[in-house]
Amino acid sequence: EEVIEEAEYKGKKVSLNKPSRNTGSGKKYKVYVKNPTTGNVKKISYGDSKGGLKGGWNNPESRASFAARHDCKNKKDKTKAGYWACRAHKDFGPGVGRFW
């Protein structure tokens, strides 16, 4: 099975499954994923641009509360924003390496 790490989205090369800050308008973070059913590359934007989805990543109680509110243990679809929001603490939280 071949793992693809780069793809093309609207004419530019992008890395797949690597969340980053969204420098454009809209949401706070973005990630490019390949839709398994269509084979197309899709841009997922998530996080409140006005400051939400930012806090408590270093606080275990806050992480647990976020996970319970968003039902993170059942998020399995990489083409949905909820999947990436539940993992944002791991991708952007300073020194937070463990999952829920």
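Sequence positions, counted from 1, serve as the residue numbers for this chain.
Take D71 and apply the side-chain contact (heavy atoms from CB on, under 4.5 Å) test, not counting sequence neighbours, and it matches K73, N74.
At most 12 non-hydrogen atoms from other residues, nucleotides or ligands lie less than 6.0 angstrom from NZ of K12.
With contacts defined as side-chain heavy-atom distances shorter than 4.5 Å, the pair N22/K43 qualifies.
Taking every heavy atom of both residues into account, I44 and W84 meet most closely at CG2-CD1, 4.2 Å. Summarising the geometry of S45 relative to A81, their closest heavy-atom pair is O-CB, 3.9 Å, with the distance given to 0.1 Å. Across all their heavy atoms, G47 and K27 have their closest contact at O-CD, 3.1 Å. Across every non-hydrogen atom of P19 and V31, the tightest pair is N-CG2, 3.7 Å.
Distance NZ/K30 to OG1/T23: 4.5 Å, rounded to 0.5 Å. Taking CZ of R63 as the reference point, atom SG of C86 lies at 13.0 Å (rounded to 0.5 Å). For the atom pair NZ (K75) and OH (Y83), the distance works out to 12.5 Å, reported to the nearest 0.5 Å. How far NZ of K42 is from NZ of K78: 14.0 Å, rounded to the nearest 0.5 Å.
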Test log, rule side-chain contact (heavy atoms from CB on, under 4.5 Å), inputs K28 and Y46: CA-CA 6 Å; K28 192 171 190 179; Y46 61 98; over 6 Å; no
Test log, rule side-chain contact (heavy atoms from CB on, under 4.5 Å), inputs S15 and E5: CA-CA 6 Å; S15 295; E5 293 184 11; over 6 Å; no
